[in-house]
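Working notes, beginning with the structure itself.
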Amino acid sequence: MVFFDPTACFFLRDVVLVYSSTLCPVVSARHALISRDDTSLSKLTLSGPASLPIDATPPLNPALASFSIETAFFEEYMGNQSYPNTLSQNLFENLKERTGVPAEVRIGGITADSTFWDPNQEAALYNFINSTGALINTTLGPQFWNTVKLLPEGTKIVMTLDLESLNYTGALDMAEAAWMGLGSSQISRFEVGNEPDQYYLDLDAQNYTAIWEPWTINISKALGIDYPEFQIGATVIDPLWPYNTPQADAQFNCVSALAAGANDGHTAMTCSEHTYQYSVCDPTRAAVATLTNLVNHTRLAEYLDLWQPRIHSVRAQLGPDAFVIGEFNSVSCSGRANVSNTFGQAMWLLDTTLYAASINVSRVYVHQGGPLALQSSTQLNHGGLSLYNLWYPVENQNGPIQVFPAYSAYLFVTEAIGYSRSLRLSNIFPGRQANGSSITTAGGDPSAGQISIYGFWDETSADSYDYPTKLALLNLELYNQTDSYPRPNITIDISAYLPKSSRTELTTWAGQTFASGVAEGDVVEETVSNGQVVVEASSAALVYW
């Protein structure tokens, strides 16, 4: 067992790493033969071609699986120089160990627009909370940068500056403090404002650009920066569809801001947009924020595909690594009990991260924080830490210190990337439609959104364009630990990828837990024959040879 949360409904029994003892040519699969019994999908046989797909990504960024941490909650996550949070440190280090590169960390979220710098403050971070329990503002002092340095060595930081107050001097003060406190080698980008498309100021692309462009130019000059150092956008409202309409073109986002001249000063390095497919910010949206809706490849692919036109445009203007999902999670307004804190979210997070990468999102930053009283008067959650967090670094009103199942999704992603810097990705099942669209409608996917398979091609391997070196097999079918019926499974035939003589082994994480932040327990190995991999409901396998 990787993680088991006794309060959650869904769990992971096996995340599997499958590898072959020999490196041999294989026949691959972007098509599949389906077998069904009377109740569920039971057999999937992968077929070819095995060659590198035309839609394969550029080499994956080793920091694909990154984090966004709410500014006001950052010290709760990392502790301070006197009392570091070793759980968080260990969990971040686990990810770095698998790729050699730490996850990037964005310090931001809604509280960044009410965060101020005080060079005389002794505390690293101070949250002002009024008599009603509402978080009003946050102040950072010089010791805050020592808290940031508790992250693994080499961690790149995206620092969000306050835009909503329209206080340029305050934003400059924070930028200068971060630049001096962390250094140019650790600051990856500055971000000006969080979700400006939801400000009371009613910004659009034009008046946002009129503020953002001169601010970024002047901050760059003040810091002596002569290269692009800023992340534009951080908008959150879903794209309108169809995209090629006057209404969609007028929507405030990275593309419309760039069209309005936001990068005329050549300060934009990346574009960030936020994605929350479901929400409990109000009763209407809470009604559809269910585990069944969340854990389904068709639904999440259709949702992320809304961003494809913007991704294409941004990459053409700023470069192939330029589009990031700078904040995302399962259910906005801090998640939903028995949805976000279950292994169902782990499967969703894994599929979302890999699918986003497959449509050329460079990095995704899963958000960690807590319910904020000023976020929504109608939201379900108030107080404590968010139900969608990957772990609780401190005891809080929503539960004790613990690691949630979703953390295993990031273990999987980093294990898949490893130390390669030339790994390219494609979704091979259900894959693309005949017209090139990746929108996988229910009618086009005979698994009804339950099965998702990704191939990884390594440019440095022998015959790198002829066949992949790894496969990720995801079975998103939900299984409740309290169900009385046997756990469903699907047999995925990958024999077309493997020479008949090769020996395949499965290394499971089932024998290890990470409750203390470090691996505990023995790794279990099994032998698999005939290229048949059984993937149980709510589980995933990484196959490599």
Side-chain angles (χ1 to χ4, degrees), residues 15-26 28-30 50-67 92-104 152-156 188 315 319-325 349-365 408-428 452-474 494 497-499 502 504-507 509 519 523 533 540-545:
V15 169
V16 223
L17 307 179
V18 190
Y19 59 92
S20 170
S21 59
T22 57
L23 179 63
C24 304
V26 294
S28 180
R30 235 155 305 142
S51 55
L52 182 74
I54 192 172
D55 64 0
T57 67
L60 295 175
N61 192 307
L64 168 63
S66 287
F67 290 85
F92 279 116
E93 286 287 355
N94 290 336
L95 304 177
K96 178 183 177 181
E97 287 174 2
R98 284 163 167 78
T99 63
V101 174
E104 288 194 2
E153 184 179 358
T155 300
K156 296 290 188 179
S188 173
R315 294 176 74 238
D321 209 38
F323 191 96
V324 306
I325 294 178
L349 179 58
L350 176 57
D351 199 20
T352 293
T353 301
L354 295 178
Y355 190 76
S358 80
I359 58 173
N360 294 310
V361 176
S362 171
R363 280 146 291 178
V364 296
Y365 299 72
S408 63
Y410 266 24
L411 285 175
F412 191 108
V413 172
T414 52
E415 188 80 39
I417 294 174
Y419 279 74
S420 174
R421 299 297 176 263
S422 54
L423 205 64
R424 302 176 66 180
L425 172 72
S426 179
N427 177 254
I428 59 175
S452 183
I453 299 176
Y454 298 86
F456 299 83
W457 285 257
D458 196 328
E459 291 183 327
T460 63
S461 68
D463 302 319
S464 59
Y465 293 96
D466 294 334
Y467 59 90
T469 58
K470 299 177 183 178
L471 294 174
L473 316 176
L474 282 61
I494 62 169
Y497 288 78
L498 300 172
S502 72
T504 307
E505 296 177 326
L506 289 92
T507 304
W509 292 340
V523 175
V533 180
L542 176 63
V543 187
Y544 59 99
W545 51 89

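Hydrogens, waters and symmetry mates play no part in the numbers below; they use all other heavy atoms, side chains included.
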Closest non-hydrogen atom pair, [X] against [Y]:
{"X": "Glu104", "Y": "Tyr365", "result": "OE1-OH, 2.5 Å"}
{"X": "Tyr544", "Y": "Lys470", "result": "CB-CG, 3.4 Å"}
{"X": "Leu473", "Y": "Val543", "result": "CD1-CG2, 3.8 Å"}
{"X": "Tyr419", "Y": "Thr99", "result": "CD2-O, 3.7 Å"}
{"X": "Pro58", "Y": "Arg424", "result": "C-CG, 4.0 Å"}
{"X": "Pro102", "Y": "Ala63", "result": "O-CB, 3.8 Å"}

(message) Any side-chain to backbone donor/acceptor pair from Thr57 onto Leu425? Under 3.5 Å, distance only.
(response) yes

(message) Between Lys96 (side chain only) and Thr155 (backbone N and O only), is there a donor and an acceptor less than 3.5 Å apart?
(response) no

Rounded at 0.5 Å granularity, tell me how far [atom1] in [X] sits from [atom2] in [Y].
{"X": "Asn427", "Y": "Tyr355", "atom1": "CG", "atom2": "OH", "result": "6.5 Å"}
{"X": "Leu423", "Y": "Thr469", "atom1": "CG", "atom2": "OG1", "result": "5.5 Å"}
{"X": "Asp55", "Y": "Ser358", "atom1": "CG", "atom2": "OG", "result": "7.5 Å"}
{"X": "Leu471", "Y": "Tyr454", "atom1": "CG", "atom2": "OH", "result": "13.0 Å"}
{"X": "Tyr410", "Y": "Phe67", "atom1": "OH", "atom2": "CZ", "result": "6.0 Å"}
{"X": "Leu349", "Y": "Phe412", "atom1": "CG", "atom2": "CZ", "result": "12.0 Å"}

(message) Between Asp458 and Ser422, is there a side-chain donor-acceptor contact under 3.5 Å, judged purely by atom types and distance?
(response) yes

(message) For the residue pair Ser452 / Asp351, report whether a side-chain donor-acceptor contact shorter than 3.5 Å exists.
(response) yes

(message) Determine whether Glu415 and Arg98 satisfy the following criterion, salt bridge (charged side-chain N to carboxylate O under 4.0 Å, His left out), listing intermediate values before the conclusion.
(response) CA-CA 6 Å; Glu415 188 80 39; Arg98 284 163 167 78; 3.0 Å; yes

(request) Taking the side chain as every heavy atom from C-beta outward, state whether Arg421 and Pro59 have any atom pair closer than 4.5 Å. (result) no

(message) Determine whether Leu350 and Leu474 satisfy the following criterion, side chain to side chain contact (heavy atoms under 4.5 Å, CB included), listing intermediate values before the conclusion.
(response) CA-CA 9 Å; Leu350 176 57; Leu474 282 61; 3.9 Å; yes

